[in-house]
Amino acid sequence: MDEYSEIVKERIKTIQEIRELGCEPYSSEPFEVSHTAGPVVDEWKEASEEALQATAREYRLAGRIVGLRNFGKAAFAHLQDSTGKIQIFFQKDQLGEGFKLVKKLNVGDIIGIRGTLFRTKTNELTVSVASFRLLTKSIRPLPEKWHGLSDIETRYRQRYVDLIVNPGVRETFKLRTQIVRSIRHFLDSKGFIEVETPMMQSVPGGATAKPFKTHHNALGIDLFLRIAPELYLKRLLVGGFERVYEINRNFRNEGISTRHNPEFTMVEFYMAYADYRVMMDFIQNLLVTVVTENTGSLQVNLGDGKIDFTPPWPRLRMMDALREEGIPEDALGGLEAAKAWGTAKGMDMSNVHSLGKALDEIFSEIIEPRLVQPTFVIDHPVELSPLAKRKRDEPHLVERFELFIDGREIANAFSELNDPFDQKARFESQLRDREQGDEEAHLMDEDFLRALEYGMPPAAGAGIGVDRLVMLLTASPSIRDVILFPQLKPEA
RNA sequence: GAGCCGCUAGCUCAGCUGGUAGAGCAUCGCCCUUUUAAGGCGGGUGUCCUGGGUUCGACCCCCAGGCGGCUCACCA
């Protein structure tokens, strides 16, 4: 702990004084709560003083003092619990000896009260406290009531304080939970079962990304935090789970930004006997449901603009989009021409070794940022998608789509490659990329191939970035605003 | 990883051309039984992010470093 400030030293003195009054500042006695602030305020906000007196019901509430106005022989405070806040009123006449403890209270303390409702002269619904107990003394001062806590670093490092004083933050995280619940409910209702697959993998696969490495002492082996659950979920398709999903963390050892946290949440789901076209309809359906349930509308406000989720969403073939951009045919069909075109447009193509990568580079640079309204980009080059099934009539492309909203990829899906021979060839091709210095190329996963050899039903699979979806629906500019404890460097 | 910006009391912030640090809230004392940014009177706040340097003198100028934000790069 850091050096105590004068204020904290004062509060520590107060703790002693509280004990001298015979009260325990860190109570272990249970406090039985009968009501919570939000519902009480909602129920009685219209009621007259007479109506309140007529009920004479007793309320037992607990929460944190977030405002305190002390008079000589009376005091007003606001009590905040997880549902909202309500004003409470202490009077010496009512509390007698107990009023001495009121003098020892500070903003930040957690108390439990018992009392009845009334209306003040200014007509605010208030609990007149008949008795109360200090449940937890707070010795650190909360941020100032006017400006609150705005220092971004402190908000992330001490999220507990952020949550106490910034109601919008609480709302964002409650909404995040509801969004996840909506997704889960939707999938459950369509016959999917939720599973948990390994977070620690000896062959990290299912995505192109750099993994975190760790070590298991007893086994004496290195393990990797998973970059995706994909290869395990597909093993479950082989095992006969025809509709499976997992909502959980992935870990990628890459840069941190307003759109990237080293651990992030994905929902991945797999549907046997479907293909990517079926999946496009399915995802559109899922998101329309989730958006409606959580925002009450299909129009979502987003800082400067608006996202309209009204289906159907346009489907844009990646190659057509590039062609419309005026990219010449030779660049669409040849690595060198594509690189030259990109370089001429000011892009860094030095790390690009395949035509697919080159086209992807051009696409993300000039087309993605314009895809503000929900748009499916479909039919990607095969080199970009080593786990996706080839298009029947265009084998250099795969049956894949990405959903873009607000210029960002929200979902990625494809018809799953279930041909073990092609899968093996794709892994081998990835290994060659790796030898050429592509650290993110896939590794060979022999057991996955063995599973495919037993036979995986044709299926479509999809992944949706939950954090980014929540950003969208809460109009949060940074991923750190939708992750309770975002990764930061340790404090100095 | 690069560029730009920020870091001063618990919080939010001011601090001139370099002369040794302030306000509001919070806190402490006194007064106050319907306030809600309660009010009145009075008091104490500090590693000015850290370490060097320049200077008679550094919150301020220079150098190095730390942490954070944004943008870019990598990526989802």
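Quick caveat, the model's predicted, so the values are computed rather than measured. Every chain is numbered from 1, with letters handed out A, B, ... down the list of sequences.
Figure legend. B:C61 is base-paired to B:G53; pairs are counted as Watson-Crick or G-U wobble with both atom distances under 3.5 Å. Remark: B:C48 base-pairs with no nucleotide in the shown strands. Criterion, Watson-Crick or G-U wobble with two distances under 3.5 Å. B:G24 and B:C11 make up a base pair, with Watson-Crick or G-U wobble contacts both under 3.5 Å. When both pairing distances are held under 3.5 Å, B:C16 makes no Watson-Crick or G-U pair with any nucleotide shown. As the counterpart of B:G29, B:C41 is assigned, both hydrogen-bonding distances of the Watson-Crick or G-U wobble pattern falling under 3.5 Å. With a 3.5 Å ceiling on both atom-pair distances, the Watson-Crick or G-U wobble partner of B:U71 is B:A2.
Remark: ring of A:Trp146 does not overlap the six-membered base ring of B:A37 in a stacked fashion, as centroids less than 5.5 Å apart with planes less than 30° apart are not both met.
Comparing atom distances between the A:Leu488 side chain and each of B:G10, B:C13, B:G69 picks out B:G69 as nearest. Here B:G10 is the nucleotide among B:G10, B:A37, B:A76 with the atom lying nearest to any side-chain atom of A:Ser5. Of the candidate nucleotides B:U35, B:C70, B:U12, B:U35 has the atom nearest to the side chain of A:Thr126. Among the nucleotides B:A76, B:A26, B:G68, the one closest to any side-chain atom of A:Arg157 is B:G68. Taking only side-chain atoms of A:Ser478, from C-beta outward, the nucleotide of B:C70, B:G69, B:A37 with the closest atom is B:C70. Among the nucleotides B:U27, B:C74, B:U35, the one closest to the side chain of A:Ile7 is B:U27. With B:C67, B:U27, B:U34 as the candidates, the nucleotide lying closest to the side chain of A:Arg11 is B:U27. In this structure, of B:U35, B:G68, B:A73, it is B:U35 that holds the atom nearest to the side chain of A:Gln87.
Across all strands shown, A:Asn261 has heavy atoms under 4.0 Å from base atoms, whether or not it also approaches the sugar-phosphate. Within the 4.0 angstrom heavy-atom criterion, base atoms lie near A:Gln91. Using a 4.0 Å heavy-atom criterion, one finds that A:Arg480 contacts the sugar-phosphate atoms exclusively. A:Phe90 comes within 4.0 angstrom of no nucleic acid atom, judged by non-hydrogen atoms across all strands. Within 4.0 Å (heavy atoms only), A:Gly463 reaches no atom of the nucleic acid at all.
Judged purely by atom type and a 3.5 angstrom limit, A:Asp81 uses its side chain to pair as donor or acceptor with the backbone of A:Gly84. Checked by atom type and distance alone, the side chain of A:Asn166 never pairs as donor or acceptor with a backbone atom of A:Val169 at under 3.5 Å. Judged by distance alone, the side chain of A:Thr375 and the main-chain N or O of A:Gln373 form a donor-acceptor pair under 3.5 Å. A donor-acceptor distance shorter than 3.5 angstrom exists from the side chain of A:Thr83 to the backbone of A:Gly38, with no hydrogens or angles considered.
For A:Arg259 and B:C74, the shortest distance from a side-chain N or O to OP1 or OP2 is not below 4.0 Å. Remark: A:Thr208 is in phosphate contact with B:A76, judged by side-chain N or O atoms under 4.0 Å from OP1 or OP2. OP1 or OP2 of B:C67 has at least one side-chain nitrogen or oxygen of A:Lys489 nearer than 4.0 Å. Between A:Thr258 and B:U71 there is a side-chain polar atom (N or O) within less than 4.0 angstrom of OP1 or OP2. One finds no side-chain N or O of A:Lys121 lying less than 4.0 angstrom from the OP1 or OP2 phosphate oxygen of B:U35.
Here the C1' atom of nucleotide B:C72 and the CE atom of A:Met347 are 15 Å apart, to the nearest Å. Taking atom CG of residue A:Asn106 and atom P of nucleotide B:G29, one finds them 10 Å apart after rounding to whole Å. A straight line from CD of A:Gln158 to P of B:U12 spans 10 Å, rounded to a whole angstrom. Between the CD atom of A:Glu6 and the P atom of B:G29 there is a distance of 13 Å, rounded to whole Å. When rounded to the nearest whole Å, the span between NE2 of A:His147 and P of B:A14 equals 11 Å. The CD atom of A:Glu491 sits 22 Å away from the P atom of B:G65 (whole-angstrom rounding). In this structure, the CD atom of A:Glu365 is 13 Å from the C1' atom of B:C74, given to the nearest Å. Rounded to an integer number of Å, the gap from A:Ile15 CD1 to B:U27 C1' is 15 Å.
From A:Glu144, atom CD reaches atom OG of A:Ser150 across 9.5 Å, with rounding to the nearest 0.5 Å. Put simply, CG on A:Leu287 and CG on A:Leu403 are 6.5 Å apart, with the number rounded to the nearest 0.5 Å. With values rounded to the nearest 0.5 angstrom, A:Asn106 atom CG is found 10.0 Å from A:Glu10 atom CD.
The base of B:U34 is not paired with the side chain of A:Glu124 by any donor and acceptor separated by under 3.5 Å. At a cut-off of 3.5 angstrom, the base of B:G24 holds at least one donor-acceptor pair with the side chain of A:Glu144. Taking only distance into account, the side chain of A:Thr120 meets the base of B:U35 through a donor-acceptor pair shorter than 3.5 Å.
For the side chain to side chain contact (heavy atoms under 4.5 Å, CB included) test with A:Asn248, the passing option among A:Glu194, A:Glu263, A:Arg226, A:Met266 is A:Arg226; the others fail. A side chain to side chain contact (heavy atoms under 4.5 Å, CB included) with A:Ser476 is found for one member of A:Val482, A:Ile483, A:Leu302 and no other, namely A:Val482.
Taking atom P on both nucleotides, B:U50 is separated from B:A21 by 16 Å, rounded to a whole Å. The gap from the P atom of B:C4 to that of B:C61 amounts to 16 Å, rounded to the nearest Å.
The stretch residues 52-78 of chain A touches RNA chain B through A:Arg69, A:Asn70, A:Phe71, A:Gly72, A:Lys73, A:Ala74, A:Phe76, A:His78, each having a heavy atom within less than 4.0 Å of the strand.
Looking only at side-chain heavy atoms (C-beta outward), A:Thr55 and A:Trp44 come within less than 4.5 Å of each other. Side-chain contact between A:Pro143 and A:Val161 is present, with heavy atoms from C-beta onward closer than 4.5 Å.
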